[in-house]
*Asks:* 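Before we start, here is the structure in question, set down as structure tokens.
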Amino acid sequence: MRARKNILFLTNRVPFPPDKGDKIRTFHQLDHLASSHNVYCACFVEGRGDWSHVEALRRWCVDVLPVGWNKGRGAIRAVRGWLGGAPLTTSAYRDDRMSAGLAKWGDAVEFDAAVAFSVSMAPYLKAVRARRRVLDLCDVDSQKWLDYATAWRRRPRGADATLRSMASLMYRAEGARLRAYERACLKEFDATILITDRERRVLDPEGRCSTLHVIP
């Protein structure tokens, strides 16, 4: 029980430096896990600034798998995935290089646990072999899309009616598709994490999911 475990840590952004938003949460998770276990970090890297921080992760990690990502390619993948029935959110981060790198690690390392941050990394978490798989959703992303749909529907009447209607429909469709995906994740993984009780009530209004936890 005291032996160091092999942990796969998946993030959609480089979890360093801990200077804003989700990087604060992911870095402290990584730092805590690395203090007692062997951590392998796979992350997407957006922009030159993030690439400069990748090497710093080796201070905490046994190995690092960085994969470049940009908004243009992400948008193309999102549309392709949407046409195939997948949410835009997860499709934007679909990358064969990440899948291949994780498969290579999986052949060489027996992971005791795999931890993924954000719903966009859930498809990779589903694909990896690990004794325990944990998804940190942080927020219920589907609710943001549904909120966008409401905001567009309520825009001033002077706004273009066709544009308003199309944007609202698109946001609502993505919100519904992503909500179904998030709820499917609750059944897929050993544990799923959110940051507030309010978020938990959005995803599990009846409180029936015993594997859904709140970690502020």
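Everything numeric here is computed off the predicted structure, so don't read it as measured data. Both backbone and side-chain heavy atoms feed into the values below; hydrogens, waters and symmetry mates do not.
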*Asks:* Holding to side-chain hydrogen bond (donor to acceptor under 3.5 Å, both in side chains), I want the full list of residues that pass it with Asp204, two or more places apart in sequence or in another chain.
*Replies:*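 Checked Asp204 against side-chain hydrogen bond (donor to acceptor under 3.5 Å, both in side chains); zero matches.
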*Asks:* Partners of Ile195 by side chain to side chain contact (heavy atoms under 4.5 Å, CB included), sequence neighbours excluded?
*Replies:*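 For Ile195, the residues satisfying side chain to side chain contact (heavy atoms under 4.5 Å, CB included) (neighbours in sequence not counted) are Arg25, Cys138, Asp139, Glu199.
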*Asks:* Got Val45 and Val54 here, is their nearest side-chain heavy-atom distance under 4.5 Å?
*Replies:*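 Yes. Closest side-chain heavy atoms under 4.5 Å.
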*Asks:* Could you tell me whether Arg200 and Asp197 make a salt bridge, using a distance below 4.0 angstrom between a side-chain N and a carboxylate O?
*Replies:*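 The answer is yes: the pair qualifies as a salt bridge.
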*Asks:* Between side-chain atoms of residues 9-20 and protein atoms elsewhere (two or more places apart, or another chain), which donor-acceptor pairs fall under 3.5 Å?
*Replies:*
from, atom 1, to, atom 2, distance (Å)
Thr11, OG1, Arg13, O, 2.5
Arg13, NH1, Asp22, OD1, 3.2

*Asks:* Once salt bridge (charged side-chain N to carboxylate O under 4.0 Å, His left out) is applied, what residue pairs with a partner in residues 111-127 remain, sequence neighbours excluded?
*Replies:*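 Only Asp112-Arg131 qualify under salt bridge (charged side-chain N to carboxylate O under 4.0 Å, His left out).
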*Asks:* Can you pull the salt bridge (charged side-chain N to carboxylate O under 4.0 Å, His left out) pairs that have at least one residue in residues 38-53, sequence neighbours excluded?
*Replies:*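 Listed once each, the pairs are Lys23-Asp50.
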*Asks:* Side-chain donor-acceptor pairs under 3.5 Å in residues 205-216, sequence neighbours left out?
*Replies:*
from, atom 1, to, atom 2, distance (Å)
Glu206, OE1, Arg208, NE, 2.9
Glu206, OE1, Arg208, NH1, 3.3
Glu206, OE1, Arg208, NH2, 3.1
Thr211, OG1, Leu186, O, 3.4
His213, NE2, Thr211, O, 3.4

*Asks:* May I have all residue pairs that pass ring pair (Phe, Tyr, Trp, His ring centres under 6.0 Å) and include part of residues 77-112, sequence neighbours excluded?
*Replies:*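 Sorted pair list: Tyr40-Trp105, Tyr40-Phe111, Phe44-Tyr93, Trp69-Tyr93.
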*Asks:* Can you establish whether the number of heavy atoms outside Arg172 located under 6.0 Å from its atom CZ is more than 12?
*Replies:*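 Above 12, so yes.
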*Asks:* Can you run down the salt bridge (charged side-chain N to carboxylate O under 4.0 Å, His left out) pairs that involve residues 69-82, sequence neighbours left out, and say none if there aren't any?
*Replies:*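 Counting only pairs at least two positions apart or across chains, the salt bridge (charged side-chain N to carboxylate O under 4.0 Å, His left out) contacts touching residues 69-82 are Arg77-Asp95.
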*Asks:* Would you mind listing the cluster partners of Phe117? Hydrophobic ones only (ILVMFWY), side-chain contacts under 4.5 Å, chaining allowed.
*Replies:*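 Result for Phe117 is none, singleton.
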*Asks:* For the residue pair Ile7 and Asn38, establish whether any side-chain heavy-atom pair is separated by less than 4.5 Å.
*Replies:*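 No. Closest side-chain heavy atoms not under 4.5 Å.
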*Asks:* Taking side-chain hydrogen bond (donor to acceptor under 3.5 Å, both in side chains) as the definition, give me every residue that meets it alongside Thr26, ordered by chain and number, with sequence neighbours left out.
*Replies:*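 By the side-chain hydrogen bond (donor to acceptor under 3.5 Å, both in side chains) rule, Thr26 matches no residue at all.
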*Asks:* Could you tell me whether a side-chain N or O of Ser168 sits under 3.5 Å from a main-chain N or O of Ala149, the two making a donor and an acceptor?
*Replies:*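 Yes; at least one donor-acceptor contact below 3.5 Å.
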*Asks:* With sequence neighbours left out, write down each residue that passes side chain to side chain contact (heavy atoms under 4.5 Å, CB included) with Pro123, or none if nothing qualifies.
*Replies:*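 For Pro123 the side chain to side chain contact (heavy atoms under 4.5 Å, CB included) partners, ignoring immediate neighbours, are Thr90, Tyr181.
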*Asks:* Can you list every pair that meets side-chain hydrogen bond (donor to acceptor under 3.5 Å, both in side chains) and has a residue in residues 182-194, with sequence neighbours left out?
*Replies:*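 Output for this query lists Ser142-Glu182.
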